[in-house]
There are 2 protein chains.
Amino acid sequence: MAQRYELMKGNIDSLLLCLIGRQPMYGYQIIRELESRSQGYFKFKEGTLYPALHRLEADGLIIGKWQVLPNGRQRRYYHITDKGYLSLVEKRTQWQELLAAVSLIMQPPVNT
Amino acid sequence: MAQRYELMKGNIDSLLLCLIGRQPMYGYQIIRELESRSQGYFKFKEGTLYPALHRLEADGLIIGKWQVLPNGRQRRYYHITDKGYLSLVEKRTQWQELLAAVSLIMQPPVNT
DNA sequence: AATACTACCTAGTCTTTCTATGTATAATAT
DNA sequence: ATATTATACATAGAAAGACTAGGTAGTATT
């Protein structure tokens with residue numbers, strides 16, 4: 001992410017909630033999903049993602065459940081909670097408000 | 001800013017460069033300008049703004065010049081530099097790219 | 001005389017993200 | 001057979017940004 005990581009501060013949680021809100025997902029899957037859906041823009045590192053997931057779980061916004069695959073391997077699928085869904089709705093609104101505010105600064109309305 | 005400050009991480013510099021790029025401004029003025037232009041959304045604290053200005057100056061993106069008012073009071077007006085202008089153009093592009101990427105996650109295109 | 005506004009500044013704290021590394025199994029390539 | 005890549009999780013420590021809280025000082029208002 002390098003030079004543009006600063007732009008993302010505080011937005012990762014929204015993205016994660018958004019994806020997990022559609023269907024339960026596990027960490028590794030989320031990393032690839034974010035990259036493919038954003039056409040390569042997002043390339044999250046494990047060191048960013050897993051702590052973020054743990055934080056969301058600690059806040060009660062998601063719940064992780066271990067699932068064992070036929071081959072014996074384990075995945076931790078995260079499900080969104082009611083609280084998480086409420087938070088997602090709120091974060092969406094906040095994101096829109098931020099966009100509006102930034103637009104007003106970046107592209108100020110013409111003076112009358 | 002309270003609950004929404006996290007959304008702003010990394011974007012403050014862009015806003016400051018944008019304003020100062022239009023005309024030289026001093027810190028206190030920037031705080032009020034950001035609030036009025038954003039219709040009350042942005043309420044920057046001094047503890048956020050002044051360090052940000054010093055950071056931008058240390059990076060050579062803006063230059064501060066003390067100006068003495070008729071009543072003897074001092075203001076530090078910041079001017080954008082050539083380097084700062086280039087950075088602003090770049091940051092604008094990055095912001096647009098981020099918006100596009102976030103949109104792809106938040107409002108995924110319908111599957112065909 | 002007291003309060004509010006203008007105008008600058010910084011120290012310390014908190015949170016987030018990154019880099020770097022570690023563990024372990026499965027699948028593929030040589 | 002062995003080496004490499006992909007899958008899948010995890011954490012420690014460092015870096016950076018923004019906040020809280022406080023400070024200084026002159027001017028204007030009540």
Side-chain angles (χ1 to χ4, degrees), chain A residues 1-17 20 24-36 41-59 61-62 64-78 91 94 98 101, chain B residues 1-17 24-36 41-59 61-62 64-78 91 94 98:
Chain A
M1 211 111 357
Q3 79 288 357
R4 70 190 182 206
Y5 89 88
E6 292 171 16
L7 283 167
M8 272 320 293
K9 290 205 172 178
N11 296 305
I12 289 179
D13 292 3
S14 303
L15 296 176
L16 299 187
L17 273 182
I20 296 169
M25 298 185 87
Y26 58 96
Y28 195 79
Q29 181 186 17
I30 291 173
I31 289 179
R32 286 177 311 168
E33 195 78 5
L34 281 172
E35 179 165 8
S36 67
Y41 184 90
F42 293 122
K43 292 179 197 288
F44 285 92
K45 312 295 182 193
E46 291 95 332
T48 300
L49 184 80
Y50 289 108
L53 288 173
H54 301 161
R55 197 167 57 236
L56 289 174
E57 188 170 27
D59 291 343
L61 304 181
I62 60 177
K65 298 175 183 172
W66 285 107
Q67 195 161 317
V68 183
L69 300 182
N71 61 16
R73 182 176 283 194
Q74 291 212 326
R75 285 177 182 161
R76 189 158 176 81
Y77 277 90
Y78 287 95
K91 281 174 192 298
Q94 286 175 11
L98 174 68
Chain B
M1 210 110 358
Q3 78 289 357
R4 68 190 183 207
Y5 89 90
E6 292 170 18
L7 284 167
M8 274 319 293
K9 289 207 173 178
N11 296 305
I12 288 180
D13 291 3
S14 303
L15 295 176
L16 300 187
L17 273 182
M25 297 185 88
Y26 58 97
Y28 195 79
Q29 181 187 16
I30 291 173
I31 290 179
R32 287 178 310 169
E33 196 78 5
L34 282 172
E35 180 165 8
S36 67
Y41 184 89
F42 292 124
K43 292 178 197 289
F44 284 90
K45 311 298 183 193
E46 290 95 332
T48 301
L49 184 80
Y50 289 107
L53 288 173
H54 301 161
R55 196 166 59 235
L56 289 173
E57 188 169 27
D59 291 343
L61 305 181
I62 60 176
K65 296 175 183 172
W66 285 107
Q67 195 160 316
V68 183
L69 301 182
N71 61 15
R73 183 176 282 194
Q74 290 212 326
R75 285 177 183 161
R76 190 158 177 81
Y77 276 90
Y78 286 95
K91 282 175 193 297
Q94 286 176 11
L98 173 68

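A, B, ... follow the sequence lines: proteins, then strands. Residue 1 opens every chain.
A/Q67 places its CD atom 12 Å from the P atom of D/dA8, with the value rounded to the nearest Å. In this structure, the CG atom of A/L53 is 14 Å from the P atom of D/dA8, given to the nearest Å. The CG atom of A/L16 sits 13 Å away from the C1' atom of C/dT16 (whole-angstrom rounding). Atom NZ in B/K45 sits about 17 Å away from atom C1' in D/dG23, given to the nearest Å. To the nearest angstrom, C1' of C/dA24 lies 14 Å from CG of A/L69. Atom NZ of B/K43 and atom C1' of D/dA18 are 18 Å apart (whole Å). Taking atom CZ of residue B/F44 and atom P of nucleotide D/dA21, one finds them 19 Å apart after rounding to whole Å. With rounding to whole Å, B/R76 atom CZ is found 22 Å from D/dT24 atom P.
One finds the CD1 atom of A/I12 at 11.5 Å from the CD1 atom of A/I30 (value rounded to the nearest 0.5 Å). Here the CG atom belonging to A/D59 is positioned 9.5 Å from the CG atom belonging to A/L17, to the nearest 0.5 angstrom. Atoms CD and CG, from B/E33 and B/L16 in turn, are 12.0 Å apart once rounded to the nearest 0.5 Å. Note that CZ of A/R32 and OH of A/Y26 are 4.5 Å apart. Values are rounded to the nearest 0.5 Å.
If you check every strand for non-hydrogen atoms under 4.0 Å, B/E46 touches a base. Among the protein residues, B/G47 comes within range of the nucleic acid bases, having at least one heavy atom under 4.0 Å from a base atom.
Nearest to the side-chain atoms of B/Y28 among the listed nucleotides C/dC8, C/dC9, C/dT17 stands C/dC8. The side chain of A/R32 lies closest to D/dA8, out of C/dT19, D/dA8, D/dA10. Comparing atom distances between the B/I12 side chain and each of C/dC8, D/dA18, D/dC9 picks out D/dA18 as nearest.
With DNA chain C read from its 5' end, the first of the two nearest nucleotides for A/R55 and B/H54 is the one closest to B/H54. Nucleotides of DNA chain D nearest to A/P51 and B/R73 differ in position, and the one nearer the 5' end is that of A/P51.
An OP1 or OP2 oxygen of C/dA7 is reached within less than 4.0 angstrom by a side-chain nitrogen or oxygen of B/R75. Checking the phosphate oxygens (OP1, OP2) of D/dA10, no side-chain nitrogen or oxygen of A/Y50 falls inside 4.0 Å.
Of the candidates A/M25, A/E46, A/K45, A/I31 forms a side-chain contact (heavy atoms from CB on, under 4.5 Å) with just one, namely A/E46.
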